[in-house]
Amino acid sequence: MLTEPRAGRLAAWGNALIAGMVSPDDAAVAIVGDDAVHRVEGLPGEAGPVGLTLALGRLRALGARGLRVALPAPGHPLGLSGPPEFNARALEAEEAVICHGAALGLVPEVYEAGPEGDVHVEVVWHCLAVREAPPADVPSLGEAERELAEALRDATEVLTRLDVAGSGPVAEAALAAYRARAERGREVLAPGYPSRAVRVLEMAQRVGMLISLAYENGHGGAVSAAEMAARGEALRPVERTARRAQVAAYNSVVEERERGAR
């Protein structure tokens, strides 16, 4: 949760491209980010993998009017609409992009090579058929914002009750990293997204940071297996809420276009 999903970057900048707010080359550079290269495989009309610029143009020509994000987890097919084969691939990757207006979806496969600190990352997006149906369990931006406010309070209470360290070098470093990311993450959603979506995504990332602290910053006061299980049980619905909010933020542009077309 502390890092944006690749599906989020692809959907956000792909939506900006479809809206004519960025150039194909600028969109491709933003989507690749710190990775070495991204390719798309299985695109209709293409015999082999193609680059992002060509792929985004082809998807638009095939009828894609927007891109949605799915962030599924076991028992929670968030943002998916089927068929089962696509859902299984997306669940394995823990993320996917669904085309609105074209019955196609994209699932990333990541290849890494090289020593720590100098890892070469290549991403292949597998283009597969999807079912054209409403995505599962995606809230509106307003619902997501209300749920997040409660989740942030709940996460803080859980950390306090379970005596998870909220200070010290590890926690301070995590908080500093979050603040730095918030400052440079203003364009995570790309041009064209409403300010409310940016606010919801940043709040979701903050909730995710607190969850990461709970799981990664030692045992805190949860010294028994039962107490550690209780921590996981208490934080699971908070993490679910944060993921739902992330998807709502990334998908907000498509939802607005749909409402405007009715």
Side-chain angles (χ1 to χ4, degrees), residues 4-33 35-72 79-83 85-87 89-90 93 95-110 122-136 138 141 187-194 197-198 201 246-262:
E4 66 189 282
R6 290 182 173 89
R9 289 206 308 268
L10 175 56
W13 289 91
N15 283 328
L17 173 62
I18 290 170
M21 305 193 75
V22 297
S23 71
D25 288 341
D26 287 345
V29 168
I31 293 165
V32 171
D35 298 333
V37 64
H38 284 215
R39 297 185 181 89
V40 180
E41 187 174 77
L43 197 64
E46 296 294 335
V50 300
L52 274 177
T53 302
L54 190 155
L56 289 169
R58 179 60 56 81
L59 289 172
R60 186 162 49 174
L62 289 167
R65 301 190 299 275
L67 302 176
R68 287 189 173 106
V69 170
L71 296 178
L80 297 176
S81 57
E85 296 81 3
F86 181 83
N87 287 4
R89 292 284 293 267
E95 59 179 310
V97 171
I98 315 293
C99 296
H100 172 57
L104 297 169
L106 302 164
V107 179
E109 187 171 3
V110 181
E122 295 189 8
V123 179
V124 175
W125 293 90
H126 297 280
C127 186
L128 305 162
V130 299
R131 183 181 297 143
E132 292 188 277
V138 179
L141 268 181
E187 286 193 326
V188 164
L189 283 176
Y193 274 84
V198 176
L201 182 58
Q246 267 193 309
V247 172
Y250 285 121
N251 294 2
S252 58
V253 163
V254 177
E255 305 308 328
E256 283 192 353
R257 289 175 191 164
E258 275 196 290
R259 284 196 297 272
R262 289 171 188 162

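- The two residues Gly14 and Leu56 make their nearest non-hydrogen contact at CA-CD2, 4.4 Å.
- Annotation for Arg60: atom CZ counts as buried by contact number, over 12 foreign heavy atoms lying within 6.0 Å.
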Contacts under 3.5 angstrom, residues 23-33 side chains, donor-acceptor by atom type, not counting sequence neighbours:
unit_1 : atom_1 : unit_2 : atom_2 : d
Ser23  : OG     : Asp26  : N      : 3.1
Ser23  : OG     : Asp26  : OD2    : 3.3

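- Side-chain contact, Tyr193 with Asn15: a donor N or O sits under 3.5 Å from an acceptor N or O.
- In terms of heavy atoms, Asn87 sits closest to Gly82 at OD1-N, 3.2 Å.
- Rounding to the nearest 0.5 Å places NE2 of His100 at 9.0 Å from CD of Glu132.
- The two residues Ala249 and Leu189 make their nearest non-hydrogen contact at O-CD2, 4.2 Å.
- Here the straight-line distance linking atom CD of Glu255 with atom OH of Tyr250 works out to 15.5 Å at 0.5 Å rounding.
- Nearest heavy atom pair, residue Leu104 against residue Cys127, reads CD2-SG, 4.0 Å.
- Among all heavy-atom pairs drawn from Ser252 and Leu141, the shortest one is CB-CD1, 3.6 Å.
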Report task. Carefully, step by step, assess Trp125 and Arg6 under the rule side chain to side chain contact (heavy atoms under 4.5 Å, CB included). Result -> CA-CA 10 Å; Trp125 293 90; Arg6 290 182 173 89; 3.9 Å; yes
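- Distance check, rounded to the nearest 0.5 Å: CD of Glu85 to CG of Leu128 gives 9.5 Å.
- Residues Leu67 and Val253 are not in side-chain contact: their nearest non-hydrogen atoms beyond the backbone lie 4.5 Å or more apart.
- Closest approach of Ala190 and Ala12 over heavy atoms only: CB-O, 3.5 Å.
- Within the 4.5 Å cutoff, side-chain heavy atoms of Val22 are placed close to those of Pro191.
- Separating the CD atom in Gln246 from the CG atom in Asn251 is a distance of 11.0 Å, to the nearest 0.5 Å.
- Val123 is not listed as a side-chain neighbour of Glu109, based on a closest heavy-atom distance of 4.5 Å or more.
- For the pair Val40/Leu59, no side-chain contact is recorded, criterion being any heavy-atom separation below 4.5 Å from C-beta on.
- Annotation: side chain of Val247 is not in contact with side chain of Pro135 (no heavy-atom distance under 4.5 Å).
- Taking CD1 from Ile98 and CZ from Phe86, the interatomic distance works out to 3.5 Å, rounded to the nearest 0.5 Å.
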Compile the donor-acceptor pairs under 3.5 Å between side chains in residues 46-53 and protein atoms, sequence neighbours left out, one pair per line.
unit_1 : atom_1 : unit_2 : atom_2 : d
Glu46  : OE2    : Arg58  : NH1    : 3.0
Glu46  : OE2    : Arg58  : NH2    : 3.0

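- Within the model, atoms NE2 of His38 and CG of Leu106 stand 12.0 Å from one another, a figure rounded to the nearest 0.5 Å.
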